[in-house]
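Okay, so here's the structure we're looking at.
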Amino acid sequence: MIPAIAITAPAGPEGGPLLVLGPSLGTSTILWADVIPSLAARWRVVAWDLPGHGASPGAAEPFTVGELADAVARRIEDLGGGPALCAGVSLGGATGLELCLRHPRLVRSAAIVASGAQLGDPASWAERAAQVRAQSTSSLITASAGRWFAPESIARRPELSGRLLHALREADDESYALCCEALAAYDVRPRLGEIEVPVLAAWGEFDAVAPESKAAEVAAGVRDGRALRIADAAHLPPAEQPDAVADALLEFFSEIERRGEDATTTG
């Protein structure tokens, strides 16, 4: 089933190149709030919410990460059909890899942040889904704060950290559980070599969920990949280190655009 997802109104120059931003499980478009202004100076930027998170309606039927990518593809088509620049965190990054595989004509380049070609242990995802169905997402707040943020992140950015933890508390329990089950079945490691578009795989220095090894695997597995460390961040770099993430995306995506311009000139 292709789930319904909500997206923000575009920010940036009307008719400019499209940049699509995806969230981490349990968060919302708030995750990208402090990065979007820098990116919108150059691109037309939208961000999307997972089912049952933020502004997206809840889901009642199972879906795969690939079907999440299909939902994003529909929204890209709605906004003009791409090819778009794409960036996503954790589950949003996994969705980005699936988008590259399932809808390559819609993707110009992708940044996979705090994510990987496979994430976590299927049994652990099943346990978390069962916990949320029994006790709600509120039961995850303490553990998620420990996973999401580097040692100084909450003290450095208390207001945004609080908003993100509130978004977790407000997420629809069944939709969150279905996202967990989608991640349990997600594994595109055997297919990384099929991805031809340039990929940036970035990891947070203190991220125990998607550490350097996950980023290195993606960068080495795709045809045109590179890896980048985001210092003083854990699992939510856009919220923890928005300037560093904005700079990394500006540099990477601008280079990709220059490549295209050079190829057009040469041709």
Side-chain angles (χ1 to χ4, degrees), residues 1-9 11 20-36 45-63 65 67-68 71-72 75 87-95 113-115 119-120 124-150 153-184 186 204 207 209-210 233-240 242 245:
M1 182 201 81
I2 300 177
I5 59 170
I7 62 170
T8 58
V20 180
L21 304 174
S24 173
L25 176 60
T27 72
S28 72
T29 57
I30 294 168
L31 176 61
W32 290 99
D34 290 343
V35 180
I36 288 174
V45 182
V46 297
W48 58 274
D49 278 321
L50 290 163
H53 294 61
S56 288
E61 298 179 34
F63 53 84
V65 179
E67 287 168 336
L68 274 177
V72 175
R75 303 317 294 260
V89 179
S90 194
L91 178 50
T95 303
V113 181
S115 191
L119 293 168
S124 296
W125 288 120
E127 290 171 7
R128 195 187 301 185
Q131 177 182 339
V132 167
R133 287 186 172 113
Q135 303 176 43
S136 88
T137 57
S138 296
S139 68
L140 303 176
I141 297 295
T142 300
S144 294
R147 284 192 300 267
W148 283 0
F149 301 112
S153 290
I154 292 179
R156 186 171 56 244
R157 314 203 77 221
E159 191 271 340
L160 184 58
S161 301
R163 290 176 68 197
L164 287 164
L165 291 169
H166 181 74
L168 172 60
R169 184 181 290 109
E170 293 299 308
D172 174 65
D173 296 336
E174 180 61 18
S175 300
Y176 186 102
L178 290 171
C179 286
C180 291
E181 290 166 349
L183 280 165
Y186 165 73
D207 192 357
V209 179
H235 196 53
L236 300 183
E240 300 175 273
V245 171

Next item on the list: List in chain and number order the residues that pass side-chain contact (heavy atoms from CB on, under 4.5 Å) with Thr95, two or more places apart in sequence or in another chain; answer none if no residue qualifies.
Entry: Trp48, Val65, Leu68, Ala69, Val72, Leu91
Margin query: Applying side-chain contact (heavy atoms from CB on, under 4.5 Å), can you list everything that pairs with Ser124, at least two apart in sequence or on another chain?
Written below: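 Asp121.
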Hey, does [Y] have a side-chain heavy atom less than 4.5 Å from the side chain of [X]?
X: Ser175; Y: Leu50; value: no
X: Cys180; Y: Val132; value: no
X: Trp32; Y: Val45; value: no
X: Pro51; Y: Leu178; value: no
X: His53; Y: Leu25; value: yes

Checking the side chain of [X] only, and the main-chain atoms of [Y] only, is there a donor and an acceptor separated by less than 3.5 Å?
X: Arg75; Y: Ile5; result: yes
X: Ser90; Y: Ser115; result: no
X: Glu67; Y: Met1; result: yes
X: Asp173; Y: Arg133; result: no

[X] [atom1] to [Y] [atom2] distance, which is reported to the nearest 0.5 Å:
X: Thr137; Y: Leu165; atom1: OG1; atom2: CG; value: 11.0 Å
X: Arg128; Y: Leu140; atom1: CZ; atom2: CG; value: 6.5 Å
X: Asp49; Y: Thr29; atom1: CG; atom2: OG1; value: 4.5 Å
X: Leu31; Y: Leu160; atom1: CG; atom2: CG; value: 8.0 Å
X: Arg163; Y: Thr27; atom1: CZ; atom2: OG1; value: 11.5 Å

Margin query: Before you tell me yes or no, could you show the steps for Glu240 and Asp34 under side chain to side chain contact (heavy atoms under 4.5 Å, CB included), namely the whole-Å CA-CA distance, both residues' side-chain angles and the distance that decides it to 0.1 Å?
Written below: CA-CA 10 Å; Glu240 300 175 273; Asp34 290 343; over 6 Å; no
Please report the closest heavy-atom contact between [X] and [Y], naming both atoms and the distance.
X: Ala6; Y: Ser56; value: N-OG, 2.7 Å
X: Leu168; Y: Ser144; value: CD2-OG, 3.4 Å
X: Ser161; Y: Ser153; value: OG-O, 3.9 Å
X: Ala210; Y: Leu119; value: CB-CD2, 4.1 Å
X: Glu174; Y: Ala59; value: CG-O, 3.8 Å
X: Ala167; Y: Ser28; value: CB-OG, 4.2 Å

Next item on the list: Apply salt bridge (Lys or Arg N to Asp or Glu O under 4.0 Å) to Arg147 and list each qualifying residue two or more places apart in sequence or on a separate chain.
Entry: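 Applying salt bridge (Lys or Arg N to Asp or Glu O under 4.0 Å) to Arg147 gives none.
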